[in-house]
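Below is one structure, written out as structure tokens; the observations come after it.
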Number of protein chains: 2
Amino acid sequence: MLVYGTKSFREHCREHGIAATHQRQVLYETMKTMHGHPSPEEVYARVKKKAPAISLATVYKNIHLFVESGVFRKVSMHHGPVRVEMNGEPHHHMVCSKCRKISDIGEKELGFVAKRNRLPGGFLVERYAVDVIGVCASCQMA
Amino acid sequence: MLVYGTKSFREHCREHGIAATHQRQVLYETMKTMHGHPSPEEVYARVKKKAPAISLATVYKNIHLFVESGVFRKVSMHHGPVRVEMNGEPHHHMVCSKCRKISDIGEKELGFVAKRNRLPGGFLVERYAVDVIGVCASCQMA
DNA sequence: TTGTAAGCGATAAAAGTTATCGTTTGATAA
DNA sequence: TTATCAAACGATAACTTTTATCGCTTACAA
Ligand SMILES: [Mn+2]
Ligand SMILES: [Mn+2]
Ligand SMILES: [Zn+2]
Ligand SMILES: [Zn+2]
């Protein structure tokens, strides 16, 4: 991940052609201190302590901006409306980062072998779900 | 996956202590024919052709029921509000199927090695995102 | 058959996200 | 420094997705 201190926040903004606003910087500094996998509402609650007048819309807009510029990351490609599948065969997914299309892929084609049944923290494994994130054939052509 | 014909749909309902309603059966039969990874709205649009009076609420309620009873499956544990993360180290996730808690896990602890850069259909791999689905330590105690 | 709890449809409400728009501010250059 | 103006902001409406509510209907078993 890109890591830059308070000072070079302005440089990052120049590189990406965006204004180094007060709100944007406080949001960035706040998020940097947050561990785990917060939702926009949780980020909003936290950043309001430092910038009480900030708008939820500004939080959303800048989270998108940070994600697009690679500063932070979404936890998954699958946020949003639920998707269900009727294919009961154990399989994994290829997810196109351009068009979001989801395709099935079996473990054999994937070359993936799940090894451990116990993981750090005493986590008991039920199954592995692999998302291969990349660019689908039609998006590569475009 | 459980697979049962029209006849044993009633048996499945008895096993799970639910009523074998007309709507529930039409919904099940319809979903069984759907490939890919449809949203509830897409399921609703399809099932309305066979049962025009069915309600969207009924579709949602029964999709939940089917998923809980293991007949069908959600594509991901991450549907719903977006989550961001500031941990820029490449890592994967353990997701508890009881409490939905998300924990980080590095590739080394996971024992996972991504092998291929090209996959069927000409999919170009950017990265692998592994979700280990299971039960966290505190949910095992409870 | 009949009683009753479960399930249904209609729809309101909640939750999450995006769009709109008038005002403010940051970046650039005079 | 000041003037200019596009970018960004806050407020909030609108939109999307999901859940809750409630009166009516139906499945089921007594
Ligand atoms: Mn699939
Ligand atoms: Mn993480
Ligand atoms: Zn694509
Ligand atoms: Zn748990």
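Within every chain, numbering begins at 1; the chains are lettered A, B, ... in the order of the sequence lines, protein sequences first and strands thereafter.
In this structure, the side-chain hydrogen bond (donor to acceptor under 3.5 Å, both in side chains) partners of B/Gln140, at least two apart in sequence or on a different chain, are A/Arg118. Take B/Ser138 and apply the side chain to side chain contact (heavy atoms under 4.5 Å, CB included) test, not counting sequence neighbours, and it matches B/Cys136. The side chain to side chain contact (heavy atoms under 4.5 Å, CB included) test applied to A/His79 returns A/Val75, A/Ser76, B/His78, B/Val82, B/Arg83, not counting sequence neighbours. Residues meeting the side chain to side chain contact (heavy atoms under 4.5 Å, CB included) test with B/Arg14, sequence neighbours left out: none. Residues passing the side-chain hydrogen bond (donor to acceptor under 3.5 Å, both in side chains) test with A/Arg73, sequence neighbours excluded: none. In this structure A/Lys101 satisfies the side-chain hydrogen bond (donor to acceptor under 3.5 Å, both in side chains) test together with A/Ser103, sequence neighbours excluded. Remark: A/Ala57 pairs with A/Ser55, A/Lys61 by the side chain to side chain contact (heavy atoms under 4.5 Å, CB included) rule, at least two apart or across chains.
The terminal axes of the helix from C/dT1-D/dA30 to C/dA30-D/dT1, fitted over 5 pairs per end, subtend an angle of 30° to the nearest 10°.
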I'd like a list of close polar pairs between nucleotides 27-30 of chain D and the protein, N/O only, cut-off under 3.5 Å.
from: D/dC28; atom 1: OP1; to: B/Ala20; atom 2: N; distance (Å): 3.0
from: D/dC28; atom 1: OP2; to: B/Arg10; atom 2: NH2; distance (Å): 3.0

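Put simply, the side chain of B/Tyr128 does not reach to within 4.5 Å of the side chain of A/Ile133, judged on heavy atoms.
The footprint of chain B on DNA chain C, defined by a heavy-atom cutoff below 4.0 Å, extends from C/dG7 to C/dT17.
Rounding to the nearest 0.5 angstrom, the gap separating the CE atom in A/Met86 from the CE atom in B/Met31 is 5.0 Å. We find the CD1-CG distance between A/Ile105 and A/Asp131 to be 11.5 Å, quoted to the nearest 0.5 Å.
Under the 4.5 Å side-chain heavy-atom criterion for grouping Ile, Leu, Val, Met, Phe, Trp and Tyr, A/Val71 is connected to A/Ile54 within one hydrophobic cluster.
Between the side chains of A/His91 and A/Glu107, no donor-acceptor pair of N or O atoms lies under 3.5 Å.
For DNA chain C, the residues of residues 43-63 of chain B within the heavy-atom distance limit of 4.0 Å (strictly under) are B/Ala53, B/Ile54, B/Ser55, B/Ala57, B/Thr58, B/Lys61, B/Asn62, sorted by number.
Nucleic acid contact for A/His64: sugar-phosphate only, since backbone atoms but no base atoms lie under 4.0 Å from a heavy atom of the residue.
Sorted by first and then second residue, the ring-ring contact (aromatic ring centres under 6.0 Å, His included) pairs with a member in residues 30-63 of chain B read A/His93-B/His37; sequence neighbours excluded.
If you find the closest nucleotide of DNA chain D to A/Arg24 and to A/Val82, the one lying nearer the 5' end belongs to A/Arg24.
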